[in-house]
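By convention in this document, chain letters (A, B, ...) are assigned in the order of the sequence lines, proteins followed by strands, and residues within each chain are numbered from 1.
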Amino acid sequence: MAQEIRNQKLQKISELREMKVNPYPYRFEKTHSSGQIREKFDHLNPSEALENEKISTAGRVMTIRLHGRSCFFTLKDFDGRIQAYIKQDSVGEKAYEFFKKYVDTGDIVGIRGFPFKSKTGELTIFVEEFQLLCKAVRPLPEKWHGLKDKELAYRQRYVDMIANDSTIERFRTRYKAMSFIRRFLTERGFVEVETPILNFIPGGGSARPFVTRLEALDCDVYLRIAPELHLKRYIVGGFEKVFEMGKNFRNEGISYKHSPEFTSIEIYQAYADYNDMMELTEQMISSLVHYLFGTYKITYQGTEIDFTPPWRRIRMHEFIKEKLGVDILEDSDEKLYAFLKERGIEPELRTRGKMIEKLWDLVEDQIVQPTFLMDHPVDISPLAKRHRQDPRLTERFEPIICGMELGNAFSELNDPQEQLERFVAQAKLLEAGDKEAHRMDLDFVRALEYGMPPTGGLGIGIDRLVMLLTDSPSIRDVIAFPLVSQRFDEALDEEERSAES
RNA sequence: GGGCCGUUAGCUCAGCAGGUAGAGCACCUGACUCUUAAUCAGGGGGUCGCAGGUUCGAAUCCUGCACGGCCCA
C-alpha cells in the first residue's frame, strides 16, 4: 500500500501521545497575522532585530530549511507567508530536537518571538517558543510547482488553497468584491432581503429548473432559477430599494461560463427606470474595479479591459444589423430562418425569439469592452416594460464584457394586463416544447394588480464578474467547490474502510 | 452531443524502436547555527485510471469504459 508517509506521520502522532503531547491542542494566542507583521516591521534594515517586540503568530509550515542546530521555516496563513528562524541556543536542546523530529511541512504551528531581518533582508520571526497546533497526516503537494492537476484542485480545493497561494488570493478577491457590493448598496439605502429557494413556480428567467420533492405537502417543488418575481413582490409590498445576493440553480449545460449552481445579485429600485440602472451598474462595477486595483483598467486573458465610465451603449437590433445585415425587427421569420440555415444553424424551435437568440450568439464575441446591449425585442423579454418610443422593443439592457453577459436589467413591466398577455405568449411556447419558456405565475400578476410603482431592476452574475476580476478563464476557478462528476475512487474507499475498522 | 489531448510514487513530471518502472520535491537516517526551490551522503516508497484484446512478453500497440482538460455545437 502506498501509505508509507501517512503511516510515518501516524507513528509520530502516537509517539507524541506517549510523550503526553497533544497533537491537536485547543487554542493559541495569535497576536499578529503574517500580513500585520509585514505591515508593522517591513521597515527594518537587514540584520536589524527588535528583541523587545514580542509577538506571536501561527500558520501552516510550508517549507523547512534545516542547518544542523538552526533552521529556517516558512509559515502560511490567510494573509500570506512569513519566514521564521529557530535555533538550539534560543529554545534549548530539548525543544529544538522536538522541532526537528516532530514538525513537518504541512503541520500547523504557533510561534512566539520577535521580528528581525535576515542578512539578505527577509523579514523573519526569531522563535523563542513554539507549539505544535495540528499534526498533518497527509503530505503537502510539491512545494515548487504546487498542485497542477485541475481535477484534484476542484475535488480537493482545500489542497489547492494550501498549495497554490494564487488560489487563496482568488477567493479573497471574490469575498472582497461581494462585500464591496453589499457596502456600496447599503450606503445608498438598499436593503438586503431574502426570497425562497424552493419555488412552486420557477420564474424570473428563461431556464430549465431543478425539480425536487417536498414530502410534507406531497408535491414537487423547483429550485429557483432567479429571485426576480419575489423581489418585485417586495416592491409591491412597499420596500423601495432591495437587493438579494445568493445562489440560483439552472438545470442546463456546464461550460467555462455556465455552472448549474451560480451566484447572482438582483437589485430593485422603485421610481427608477433602466437608465438609472445603467448608471448604477456603471458606478458599482467600475468603482469596484478601482477599489480592488486602484485603476479602471485590468487585463483579462491578455486583453486590457477599460471600465472607465460611461460605457458604450448599443441597441441589439442595430448591432446585429450592422454585423450580420439582418434586421430582427423588420425581416420576416422566413428570412431570419434562411439566414441561420445558410450558416448551418438550426434553432431548437422556429420561434422568433429562439432565432433572435441564435443571431445574437453569432455576434456576442465581438463585444469586448464594457458595453450596454440595449432595447431587446419584446419576443425575448417577457418581464421587461415596452420601450417608451418603440413598442416592438423593451427597455432592457445587458452589460457585456469579453463576450460574456454579465447581467440583465430592465424598466420592470408593472402593467398587470400586459404581464398576463406576456405570460400567455410564453405558455404557448412552453406547450410547443420550449423548456426554457417562462412559466405562468398568476400570483405575480395579482401582485401587480395591487400596484407596483415604476421600478428599475438589475441582475449581475457574481461568478462571471469575479472571473473578470481574477483573470480566471473558467467559472469553476471562482467557485470554491464546483460541481464535478462523482467518481468511485477505490483507493479512497479502501482508506476509509480501514479507517473505520 | 462531436473532435483533439491527458490519466505512471503523496505532488510535479520522464519513460512508448514492445523486454516486468525512473528523477526532483515530500518522507526516513546522517552532516551542517543567516537559509529561502538551501546544500551534501545514504534509504524506503508503484495492481503505470479500469476492463478486455494482440504478443513468448504490454506503462508502451488495439478496442471499450470512467474521470478530467481544451475546442466546437
Find out whether the Lys NZ or Arg CZ of A/Arg69 is both under 6.0 angstrom from the six-membered ring centre of A/Tyr96 and within 45° of the ring's axis.
no

Partner residues of A/Lys435 under the salt bridge (charged side-chain N to carboxylate O under 4.0 Å, His left out) criterion, sequence neighbours left out:
none

For the pair made of CD in A/Gln156 and P in B/G10, what is the distance, rounded to whole Å?
13 Å

Give A/Thr105 one of three labels, base, sugar-phosphate or nothing, depending on what nucleic acid heavy atoms sit under 4.0 Å from its own.
sugar-phosphate

More than 12 heavy atoms of other residues, nucleotides or ligands under 6.0 Å from CD of A/Glu53: yes or no?
yes

Distance-only donor-acceptor pairs under 3.5 Å for side chains of residues 297-305 of chain A, two or more places apart:
| unit_1 | atom_1 | unit_2 | atom_2 | d |
| --- | --- | --- | --- | --- |
| A/Tyr300 | OH | A/Ser472 | O | 2.7 |
| A/Gln301 | NE2 | A/Asp471 | O | 2.9 |
| A/Gln301 | NE2 | A/Asp471 | OD1 | 2.9 |

How is A/Lys12 classified with respect to the nucleic acid when contacts are heavy atoms under 4.0 Å: base, sugar-phosphate, or nothing?
sugar-phosphate

Rounded to whole angstroms, how far apart are CG on A/Asn164 and C1' on B/C11?
11 Å

A/Val103 or A/Lys87, whichever maps to the more 5' nucleotide of RNA chain B:
A/Val103

Which atom pair, heavy atoms only, marks the closest approach of A/Lys76 to A/Ile162?
NZ-O, 2.9 Å

Here's a test of your reading of the structure: between A/Gly121 and A/Tyr85, which maps to the more 5' nucleotide of RNA chain B?
A/Tyr85

Let me know the distance between CG of A/Asn7 and P of B/A9, rounded to the nearest Å.
18 Å

P spacing across the pair B/U54 / B/A17, given as an integer number of angstrom:
24 Å

Distance test, side-chain N/O of A/Arg65 to OP1/OP2 of B/A38, below 4.0 Å
yes

Heavy atoms from C-beta onward define the side chain here; which of B/C28, B/G24, B/A38 lies closest to that of A/His67?
B/A38

May I have the distance from A/Glu142 (atom CD) to B/C13 (atom P), rounded to whole angstrom?
9 Å

Considering only atom P, compute the distance from B/G57 to B/C71 and round it to an integer number of Å.
43 Å

Hey, does A/Lys148 reach any base, or is it just sugar-phosphate, or nothing, if we go heavy atoms under 4.0 Å?
sugar-phosphate

Regarding A/Tyr96, tell me which of base, sugar-phosphate or nothing describes its non-hydrogen contacts under 4.0 Å with the strands shown.
nothing

Between A/Ile225 and A/Phe262, what is the shortest heavy-atom contact and its length?
O-CZ, 4.4 Å

So which nucleotide from B/C28, B/C13, B/C11 ends up closest to the side chain of A/Leu147?
B/C11

Report the distance from atom CD1 of A/Ile125 to atom P of B/U35, rounded to the nearest whole Å.
18 Å

Expressed in whole Å, how much space separates the C1' atoms belonging to B/G15 and B/G46?
14 Å

Watson-Crick and G-U pairing of RNA chain B written in dot-bracket, each distance under 3.5 angstrom, with | for inter-strand partners
(((((((..((((.....[..)))).(((((.......))))).....(((((..]....)))))))))))).

Taking only the side-chain heavy atoms of A/Gln83 (C-beta and beyond), determine which of B/A26, B/U33, B/U35 contains the nearest atom.
B/U35

Considering only atom P, compute the distance from B/U60 to B/G45 and round it to an integer number of Å.
24 Å

Round to the nearest Å and state the distance from A/Phe116 atom CZ to B/U35 atom P.
11 Å

Taking only the C1' atom of each, what is the distance from B/C16 to B/C11 in whole angstrom?
23 Å

Should the pair A/Glu330-A/Arg392 be classified as a salt bridge under the 4.0 Å nitrogen-to-oxygen rule?
yes

Determine all donor-acceptor pairs shorter than 3.5 Å in which one atom belongs to a side chain in residues 128-136 of chain A; sequence neighbours excluded.
| unit_1 | atom_1 | unit_2 | atom_2 | d |
| --- | --- | --- | --- | --- |
| A/Glu128 | OE1 | A/Lys54 | NZ | 3.0 |
| A/Glu128 | OE2 | A/Lys54 | NZ | 3.2 |
| A/Lys135 | NZ | A/Tyr102 | O | 2.9 |
| A/Lys135 | NZ | A/Asp104 | OD2 | 2.8 |
| A/Lys135 | NZ | A/Asp107 | OD2 | 2.6 |

Please give the distance between the C1' atoms of B/A59 and B/U8 as a whole number of Å.
7 Å

Give one of base, sugar-phosphate or nothing for A/Asp89, where a contact means two heavy atoms less than 4.0 Å apart.
base

Residue pair A/Ile356 / A/Pro377: nearest heavy atoms and the distance that separates them
CD1-CG, 3.9 Å

Does B/A26 have OP1 or OP2 under 4.0 Å away from a side-chain N or O of A/Lys143?
yes

What's A/Gly146 touching, base or sugar-phosphate or nothing? Going by heavy atoms closer than 4.0 Å.
sugar-phosphate

Non-neighbouring partners of A/Ser332 that pass side-chain hydrogen bond (donor to acceptor under 3.5 Å, both in side chains), sequence neighbours left out:
none

Using the P atom on both, measure B/C61 against B/G6 and round to a whole Å.
10 Å

Let me know the distance between CD of A/Gln88 and P of B/C34, rounded to the nearest Å.
14 Å

Ranking B/C11, B/U35, B/A37 by distance to the side chain of A/Trp144, first place goes to B/A37

Reading nucleotides 68-73 of chain B from the 5' end, what letters show protein touch, with B for base, S for backbone sugar-phosphate only, - for no heavy atom under 4.0 Å?
SSS---

A/Asp104 CG to B/C11 P, in whole Å, measures 18 Å

Using the C1' atom in both, what is the distance from B/C67 to B/A37, to the nearest Å?
32 Å

Does one side chain, of A/Glu405 or A/Trp360, offer a donor that lies under 3.5 Å from an acceptor on the other?
yes

Is the shortest distance from a Lys or Arg side-chain nitrogen in A/Arg350 or A/Asp333 to a carboxylate oxygen in the other one below 4.0 Å?
no

